[in-house]
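For this chain, numbers begin at 1 and follow the sequence in order.
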Amino acid sequence: MPWILLVCAGLLEIGWPLGFKLAGVHEKHFYLFIALSIVSMGCSGYLLYLAQKSIPIGTAYVVWTGIGAVGTVLLGILFFHDSASILRLLFVTLILAGVVGLKLVH
């Protein structure tokens, strides 16, 4: 259960930079997207808090930020035309490998 909470926290971690990006792109709905960002931050942090009661905080934090970072990069590539260069994808893969590695050694 703590790992499910942690994955959910990581997925919600993607929500706040996405909300900031959408607030800049769709200025008509600026306050809506900023509000969604704030809710996403709060929920993500709370789920991290719950998960780290059973998972070592160092492991939990790296997995949480890793899911958020990789997810945000992928959303940027898929929906906002961010660069998908080979080196960029290589380094994102290294982050993902580190996250998976920490889960395997826990």
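When side chains are defined from C-beta on, L6 counts as touching L48, because their heavy atoms get closer than 4.5 Å. Looking at heavy atoms from C-beta onward, H29 lies out of side-chain contact with L22 at the 4.5 angstrom threshold. V63 has its side chain within reach of W3: a pair of non-hydrogen atoms, C-beta onward, lies under 4.5 Å apart.
Grouping the Ile, Leu, Val, Met, Phe, Trp and Tyr side chains by contacts below 4.5 angstrom, directly or via other members, places L11 with L78. The hydrophobic clustering, which links ILVMFWY residues whose side-chain heavy atoms are closer than 4.5 Å, places I14 and I34 apart. Tracing side-chain contacts under 4.5 Å through hydrophobic residues (I, L, V, M, F, W, Y), one reaches I67 starting from L75; they form part of the same cluster.
When every heavy atom of L89 is checked against every heavy atom of A84, the shortest pair comes out as CD1-O, 3.5 Å. In terms of heavy-atom proximity, V62 sits nearest to V99 at O-CG2, 3.9 Å. For P2 against A51, the heavy-atom pair with the smallest separation is O-CB, 3.5 Å. Minimum heavy-atom separation, Q52 to A60: CB-CB, 4.1 Å.
Interatomic distance, K103 NZ to T59 OG1, rounded to the nearest 0.5 Å: 10.5 Å. Interatomic distance, D82 CG to T72 OG1, rounded to the nearest 0.5 Å: 10.0 Å. Rounding to the nearest 0.5 Å gives a distance of 7.5 Å between OG of S37 and CG of L18. Rounding to the nearest 0.5 Å places CE of M1 at 9.0 Å from CG of L50.
Hydrophobic cluster membership for I57: none, as no Ile, Leu, Val, Met, Phe, Trp or Tyr side chain comes under 4.5 Å of it.
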Inset, instruction - Report the C-alpha distance between F91 and I95 in whole Å, list the side-chain angles of each, state the deciding distance to 0.1 Å, and finish with yes or no for side-chain contact (heavy atoms from CB on, under 4.5 Å). - result: CA-CA 6 Å; F91 292 123; I95 292 170; 5.8 Å; no
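Summarising the local packing, CZ of F80 is surrounded by more than 12 heavy atoms from other residues, nucleotides or ligands at distances under 6.0 Å. Around CG of L94, the count of heavy atoms belonging to other residues, nucleotides or ligands within 6.0 Å exceeds 12.
Every residue meeting the ring pair (Phe, Tyr, Trp, His ring centres under 6.0 Å) condition with F20, not counting sequence neighbours, appears here in chain and number order: W16.
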Check residues 38-45 and write down every donor-acceptor pair under 3.5 Å in which the side-chain atom is one partner and the other belongs to a residue at least two apart or another chain.
residue, atom, partner, partner atom, Å
S40, OG, L12, O, 2.3
S44, OG, A9, O, 2.8
S44, OG, E13, OE1, 3.0
S44, OG, W64, NE1, 2.7

